Structures are given as structure tokens and as C-alpha cells.
Amino acid sequence: MELYDHQKIEKKWQKAWEKDGLYKTPDLPGRQAGKPKKKKYILDMFPYISGAGLHVGHPEGYTATDIYSRFLRMQGYDVLHPIGWDAFGLPTENFAIKSGIPPQESVKKYADRFEEQIRSFGFSYDWDRLINTSDPKYYRWTQWLFLQLYKHGLAYKKEAYVNWCPKDQTVLANEQVVDGCCERCGTKVEQKLLNQWFFKITDYADRLLADLDGLDWPEPIKAMQRNWIGKSEGAEIEFEISDSKVKRFVILHGKHGTSKLNFIPWLKSSLEKQGYEVQAPDMPGTEEPNDLEQADFVQKNCKLDKNTVILGHSFGGIVALRLLERGIGVHGVVFAATPMSSTFLDGKVRRTVAEAINRGFDFEKIKRQTDYVKILVDSTDTVVRLQDGDILADKLNSLKQLFAGTVPHFCGKEEPALLEALTSKIKVFTTRVDTLFGATYLVLAPEHPLVDQITTADQKNYVINYVIKSKEKTELQRTALEKEKTGVFTGGFAINPATKEKIPVWIADYVLMGYGTGAIMAVPAHDERDFEFAKKYKLPIRQVIEPPKVINALTDISPAPDGIFGVLPTDLESDCWIGDGTLINSGDYDGHKSEKVRMQMTKEFGQLKIQYKLRDWLVSRQRYWGAPIPIIYCDDCGKQAVPEKDLPVLLPTDVDFLPTGESPIARSKSFHQVKCPNCGQAARRDSDTMDTFVDSAWYFYRFTDPHNDKQWADKKQIKQWLPVDVYVGGAEHAVLHLLYARFITKAFRDFKLIDFEEPFSKLRNQGLILGPDGEKMSKSRGNVINPDEVIAEWGADAFRLYEMFMGPLEDSKPWNTTGIVGLSRFLEKVWRHGTRHPELDSGSSIKIHKLIKKIGSDIEFFKFNTGIAAFMQFLNENKSLSKQDLEVFLVLLAPFAPHITEELWHNFGHKDSIHQQPWPKFDEKLIEDKNVTIVVQILGRVRASFELPAGTSQQAVKDKAISNANVKKYLDGKQIIKEIFVPDKLINFVVK
RNA sequence: GGCCGAGUGGCGGAAUGGCAGACGCAGUGGACUCAAAAUCCACCGAUCGCAAGAUCAUGUGGGUUCGACUCCCUCCUCGGCCACCA
């Protein structure tokens, strides 16, 4: 008898399968032969390839999907089971910075090594469909995807704060910031405002949330996504600023404008209705305006003082600047669509705006003449350039705010953005509108656009200091680390719409600009954070909710459960009640319950608002090793999409990787300079690359048609294979990857590129494989198991079986170096059976039918560990097997241990592959038990058990039971008051 | 702090309302062997008992039930995710 030599056998069959194309994906499943479609798409989360090579965690999920794929093929399904490489990203780029080796080169090495390692497991991947996200043939379509989103308005650019390391001159991902410092050099990380591309995933928040219900995914993963999306319903309420300073507004129209044109009549009457004095002069020379002449006119005809706010629309903004430059002091200036470049689009002709701008301004002086400045930019503007807002903001140290005008250039009959900017009510979001009467102050985030406007002169220094300090803090520092709340009073007040009281407006960084409106109403009596803040700064605390009374129906439950009384506040001086209750100190609402009045109070004081925690997806990376963003900037035409025929936008190779503050590809002349696709003049490319999560948000589509160079994938192929039937991977991707892939799928459905909503019908997680010490494997701990060594010693089949046998797939479990011996022994035992050449028998046994049923059901439910136990038990209990039974046994085992079973199958004289055998069927009738074990219990305790034919009647079971000696002992002198009979299982006597 | 998951022999785990510890590892004893390896057989939660059997035992304490590892409540421990989300 030959010895079981896994090294020889495994290599031999891997070669043979490759040669025979055993795992090639069938083309256009079902359609060709005209039979009904019976496809399955079984997918692993493709690995992020790195120099570290394969980890023992990778093959866990891969083995599970391999077993499942083989099982399905044997059942007659057409199966798509592909693999590929996630290859763009930081680790490879950092290695390039250190070593000088281009990422293209190291990625090729990584890919080769990963392929070799994965192949050594004998997985049934279709290697013809291998993809690599860093291949131009792939990222061409990643760029195409970006353009699809851009064309449909789902990709946009805006200013965003990012983590910035001033020493390395680079942006850092959140994960690269450790304790507020740069992971690489230890420098304190700052927040920097940069112009970044975003995908509008928030448009899909409601659908991403609602559609989770229909997915066969692990509940914890769904819960994490729900949590991440973070829907809450509440009220948006406006608080008027109690600003006695502002008495009048002066509205200055632009070129071609008059006081009767555009929004001016509407704005004037709206402001007058609110009791303000409004001046909207018709300025001279409106067709060819002169800033000095118009400024003279305004100075002469309008009242301008510290109680005045100027609104300058378009060229009117230039006039406003000129007025301030002359030393005229006002309370505030609002610029709307003000041009700052030397030319602007006058009708269809581009011409010099005005000498005004060429003359220049004394911005330092201008800044001193006003308490605040607001710069409003219309994102749909076709007259002035969007970057003009940036220029002005830079000169005036102010933030620009982007709006969409109702008509481009804010030329609508009504422009609410302008009215809002002038009157400046503070909008807050609250889920507890029932506590409105208890709102004793407001708090703004330090970045809130109204901060400058509200802050009074005497508080200005404190506020500026505080805002600067909080800018230095990272998001992490602002939230987790510093529990102590800090803040500063602005000097300004607002009106509580319910009580009509004047309440102070504070700034504090416990309020986040990124959620809700960036402002809150503080109800210290009923919110822990507000309570803490109010105590520290001695702000008023007013109770408006009475906690519910404890119902004393608990007296008959004794003792009362712990904690039932503990939740009640005993003393509002030292604690606050955050639950619902009965309203007090709330006018007409007194005596009503929180939940009852919320809707009514929302209607009276504000409006219903649904708020999500989900933010738009920031995809810009100032990095080299990613897919370049396919956008071109032209001075005249603005942002231009790279035409699809010009894709891919290739990564340049004439770059060095040292971090200097811009994306490395910005310094490549060959890359950066380009002709505008619209007008042909010199323009420049976007020099950022895309987040690698964009690459992986669509790779499962590419697998259906990986070599297509005409489109991302053929529509027919997508329709054939998608959605993915089973997707297996780690829970660490619960939120980002899975959410992004769902978002892209929904967006593409809306673009009519596909016709389904959800990409992954069924998801299963694999758990972590820990080191032998029960800790997470890591180089520094020295507890890393190398899969190559394990395969060399024990073989791929033993490795696969061991990882499946360790425990439930989704559990984290430690690697036990001696544990694999058991699986190796099992395979040796299989080998001995298989090389024994047993006799044919008259038919297959009942036992093997039971095994067929057990294995089939265990694979179906991903219970591979108990399946393998069943194989072992079967061999333990059946010392000699007939040829029929043994062959069935091998076929059942083939998906788990493909090499040894193939070898033994051929040993039996078969010429075809065991992996192409049909999955055995079992006879349900045959495996019904003829005899069953009946358990006899007395008061629920087992006192005897015996075998009886299945279906024995209660009376017969009882007769047999009470004749048992041990049972008799327990029944002696007792009276049976009740019998519980479970047919074929047990009889239980309740005695007295 | 919030949400979620888990706690069973020396170890990995099995059993989702009906004989707790399947299967494997480790361990003990035996067979084979000059010996060892491999293999095979037996034992393998604790306590009592010659045995039959009994009692205790699935993190803690309670509850529901004829019967609870399993369902409900309290607490403890560990793990994961989120974290001042108004």
C-alpha cells in the first residue's frame, strides 16, 4: 500500500485541474442551452495584497466559499467563483517612499506571491478572471465610475477639514492619527481646510437604511450599518438673534442692476416686514459701473453706521469694499456672488470687470471696519467664477458659504439664502422639542458661520482664541480624550421662541459642526452634556419635565428587582432627568406627557426634520498610489470631466514619492499639464487620487466580464450573475466597504445601468484566527502562524479541514499548533480505507444515507465544523466499508479535501474527476429510525431509558416505564398527578 | 457612555426547551514491538459508591416551565463596533 504523500498528490492534482480547465466559469449560464437559469455567484472579499503575504486568516473564508462552490457545482449549478487583488493603497506607497522601489514593481511581486500561496490551497477559483485594481485596464473603469457619479450630480467638490501633519506636509487618514499625533513622525496633527471631492452617499441614507431589512446578513452587521447611518427624527427650530445693533440694511445692486430687478424688491419687503429699515439705492452708471463713482453716491445718499449691514450683490460687493476702505464703519457686510478675478462673463463676452479690481484694495483696513463678513457663493453661478469666493475669503479671513441660487448668480425673484444670511436666525436640531421651555442657552460649534456675526466686541478676543485652539484639536481630541467640556460666551443673545426669553449664545467644541445644524439648544435640566456645561459655567438650569411616578403595583413582586427605583433622579441640583415625563413650566403644555406633545410642539415652533449621522464620502487622497481623479480644471470652462474616450488617466511614472504637501502626481509635468477638453487651452488635471474603497466598491461587477475593454462589464453578463448570492469576509468591513458597495449599486440602478438594488443577497462573516496564545496575531507578539509552513508539513487538505473544524466560521478562535494532528490522522484513516480496495456490496447502507443528509445540510448552513465531526464519527463507527459506501463518502468529502479524494477516486479506477460527480441523493424513507430511545423522567429528572419501535403509543411507553426497577423505586408511595409524553422521545411523570 | 456578541471539562468546541460535554487535541492505562514511532482497544467534569446508582455541575443571583446550556430579568467578566450625534 502506498503511503499518503500530500506533497506529491496535491501538486499533481492542482496541475491537472488547471490543465483540464476544471474550474473555468461556464459562459452565459443557462441561456445558451435554453434551460432555466440556475446560477450562483459565490464571492470572497478580495485580499489587500502586501509584502506580508497571505495570513492564516485569509484561507478560512476562502475554504468556506470553496466548499460551498464545489457543493453547488456538484448539484448542477453554474458557479462564478473568482478572486482578485485589492492593490492600490498606502502601505505599498509608504514602502516606495522608504525603498525607492516603484509601487508598480512591488505590487507585481505581491500579486505573484499571493497567487502562488492561494493556488497552493487547491481552491476552485477561475484564474482566468483574476483582476488587479491597480491595473490601468481596471482603474480605467474606476475613473469611469467617478464620471458617472459626477454626471449625475453625486460627485461634488467642497471644502473640508482634514488631518494635516505640518512636518510631513501631508494629509493623514483618521487611522494614521495616534493620540492626536502623526503616526510616522509624532508631530501634532492639525485640522486643515482643503477642497475635496465627495460622493453624495447621504442622498441614499434612507434607502441604505430601509433595504437592510430584506438582506440575509448577520444581524450584528446590519445593526452596525443602522448605527452608522444613524437616523433620528426631531425638530428643526429657529432662534432669532436678539441683536439690537442692526437697525438697517443697505442693498447694493450689481452691473446692469436696479432696485427693481431680481430679488431686491422681495428682499426689501421681507426685511421691512421684520421691522428693519432698508435702503436699496439705484446707483449711477449701472451699465458701465465705476466703483469710486458709485461709492460716492452711496456715501451721500445712504445712512451707514455701526448699526448697518451692507449686502453687496455682484459688483455691489466691490462698492461695499470701497466704502469700507474709506473708513466707514458698519456692523457687517454680506457679499453675494462678488467677482474677484480680473475678468467676468458679461453676457456672452468675457471682459475686464472693472478697473475697480485692478486698482486693488487695502484689505487690512477693510477688515477693521466691520464686525463680520459673510461671503455667499452660488454653486450654479455662470457669471463669476466659483474660486472668486475663495479669493475674497482668503483676503478677508472669512469663510465662504456655498449655496445654490434659485437662478444662477443669485438672480431669482426670491433668494432665500440671502434673506437667511442677513437676518441670521440660529437653526438648531433637537429630538427633544418637548424640553424647549427649558432651553436656557444656545451653543454653536466653533466653526459655525454665525460666530463672527454674533460675537460682541468685548468678547471677540476670547472667542477668537477659543476658535483657534479648537482648530488645532483633531476630531479625536475633541471627542474622546478630553471629557471636560470647555466653551466661551459670545456676548450675543437669542430669543427662545417658546418662552420669548433672551438667552445667551455660547461656543463650545462639544457641539459638532458636522451633525445637524452645528448648533444646539441647551436644556441643562434634561441633557447630561448641557447639564455638565451649565454647572461649570453657572448657566441657568430649568426643569420642565417631571419624571414618571413609580407605579406601586410592584408590591406583590417581592423583592423588587434591583434598579427599578435607581433610575429616578433624587435631586435635580446634582443630576438631570433625561427621560420622557410630564411637562411643567411649559405654559399651555403643562401636565401633558412628552411623547404626546412632541408633534404639536414641532408644528408650533419649528418643523419636522429627519437627521442622519452618515456623512458624504470623502474620496480625494493627496496620494500617488491610487486611481487619478479624472477631472480637468480650465480657467475659462471650470471643472471638466475627462472624456470617456480619453480614459484611463494613467498614473505618471516621472515622480518621486517623498511627501512634500501635495499629491506626488501634482509635481509631474507630463501629468499635470493638459489641454481643456472643452476649449483646448492650457488646463491642469486634478492631482488627487481616489480612496481605495472606490476600487473595491464595484470590483464584483468586473468579475462578470473582466477583460471587457469597451465597457465596465457587459450588461448581459451582469444580469446573468448578479447579485452575489453568497459573500464571505471579515466583519471589519461591516460598515465602510459594504456600505459603499451598496451605495454604488443603488446609484447605478438609478442611472439605469443595472436593475437591482442590493449587491450581496447573503453575507457571512468569518471570525479572526488568533495566535496560539489567544491574542491577535502580530509580528511584535511573535505569534504569527505562516500558512506556507503549515501546508508544507501537513498539506493543504489537512489545513483546510483544520480551519473548518476549529469552530463556527464566524467565531474568533485561537490557532492550536497541535490541533491539526487530529485532521491529519483523519486523512490518514481515509487513505487507509481508500487504498484497501473493498468489496462491492449489494447496496448503499442506511448509515451513508444519513451521512449524505447531514453533510448536505451542514454545508448549506455553513456548519462545516460539525460536518467534519460527522465524517470522523462515521469512520469511527464503520470499520469496514463497502465500495459503494466508500465512494459516496469520498464524494461527500471532496469539497472539503479536494486532493486526497481525487487521488483515491482515481485509485478506484475512475477516469473522470470526483469534482464533477453529482451530489449524492439520500432516501428519506430509508433513514427514518425504526427504533427510538425513550427517556423516562420523574419530575424532570432522567431515571431510565430504553429502546422502543418508533411510534409506540403513550400507554405502551408508560407500561414499559413503570415496570422498570429504577423507575419503580421513585414511584413507590407516590401518586402520578400528571404525565408529559413527547412521542418517540420521552415520558415525564409528575408525582406527589 | 451607547449598541451588539460571548461566557460549557486541562484546551478547541457539540447540544437552541427534552439523556450536557458529540467530534478533535492533550492526558491515563493496555495491546502490538527487542525498543520506539505509527496503529488499535479502554478510560477521560467533580464528589460518594464494590456495583447498581446517587448528588453536584454550562460566569452570578433570581424567574418562567413537568423539564432550562437553551426563554425572561439582575449583576459580573471578556470581546467587537460606535463614541459629546443634540
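In the text below, chain A, chain B and the rest are named by the order of the sequence lines, each starting its count at 1. Computed from a prediction, not measured in an experiment: that's the story for all the values here.
- A/Arg941 comes within contact range of the sugar-phosphate backbone alone, with a heavy-atom separation under 4.0 Å but no base atom that close.
- For A/Lys813 and B/rG12, the shortest distance from a side-chain N or O to OP1 or OP2 is not below 4.0 Å.
- The residue A/Ser232 sits close only to the backbone: its heavy atoms come under 4.0 Å of sugar-phosphate atoms, none of a base.
- Here the separation of B/rU70 from B/rU64, taken at their C1' atoms, is 13 Å to the nearest Å.
- A salt bridge does not link A/Lys485 with A/Asp509: every distance from a Lys NZ or Arg NE/NH1/NH2 to an Asp or Glu carboxylate oxygen is 4.0 Å or more.
- Close to B/rC25, at under 4.0 Å from its OP1 or OP2, lies a side-chain N or O of A/Arg825.
- A donor and an acceptor atom sit less than 3.5 Å apart, one in the side chain of A/Lys485 and one in the base of B/rC84.
- Residue contacts for A/Ser945: at a heavy-atom cut-off of 4.0 Å it reaches no nucleic acid atom on any strand shown.
- Taking only side-chain nitrogens and oxygens, A/Tyr970 comes nearer than 4.0 Å to OP1 or OP2 of B/rA54.
- Distance noted for atom C1' between B/rA6 and B/rG12: 15 Å (whole Å).
- For the C1' atom pair drawn from B/rA68 and B/rA15, the interatomic distance equals 13 Å after rounding to whole Å.
- Using a 4.0 Å heavy-atom distance criterion, A/Asp811 is classed as making no nucleic acid contact.
- Residue whose closest nucleotide on RNA chain B sits further toward the 5' end, between A/Pro220 and A/Ile980: A/Pro220.
- Between A/Lys978 and the phosphate of B/rU65, there is no side-chain N or O to OP1/OP2 separation shorter than 4.0 Å.
- Nucleic acid contact for A/Lys231: none, since no nucleic acid atom lies under 4.0 Å from a heavy atom of the residue.
- A salt bridge is defined here as a Lys NZ or Arg NE, NH1 or NH2 lying under 4.0 Å from an Asp or Glu carboxylate O, and A/Lys958 with A/Glu979 meets this definition.
- Distance from the side chain of A/Met224 is smallest for B/rC81 among the nucleotides B/rC66, B/rC81, B/rG18.
- Distances shown here put every side-chain N or O of A/Asn765 at or beyond 4.0 Å from the OP1 or OP2 atom of B/rG80.
- Between the side chain of A/Glu732 and the base of B/rG80, no donor-acceptor pair of N or O atoms lies under 3.5 Å.
- Distances shorter than 4.0 Å separate none of the side-chain N or O atoms of A/Asn227 from OP1 or OP2 on B/rC81.
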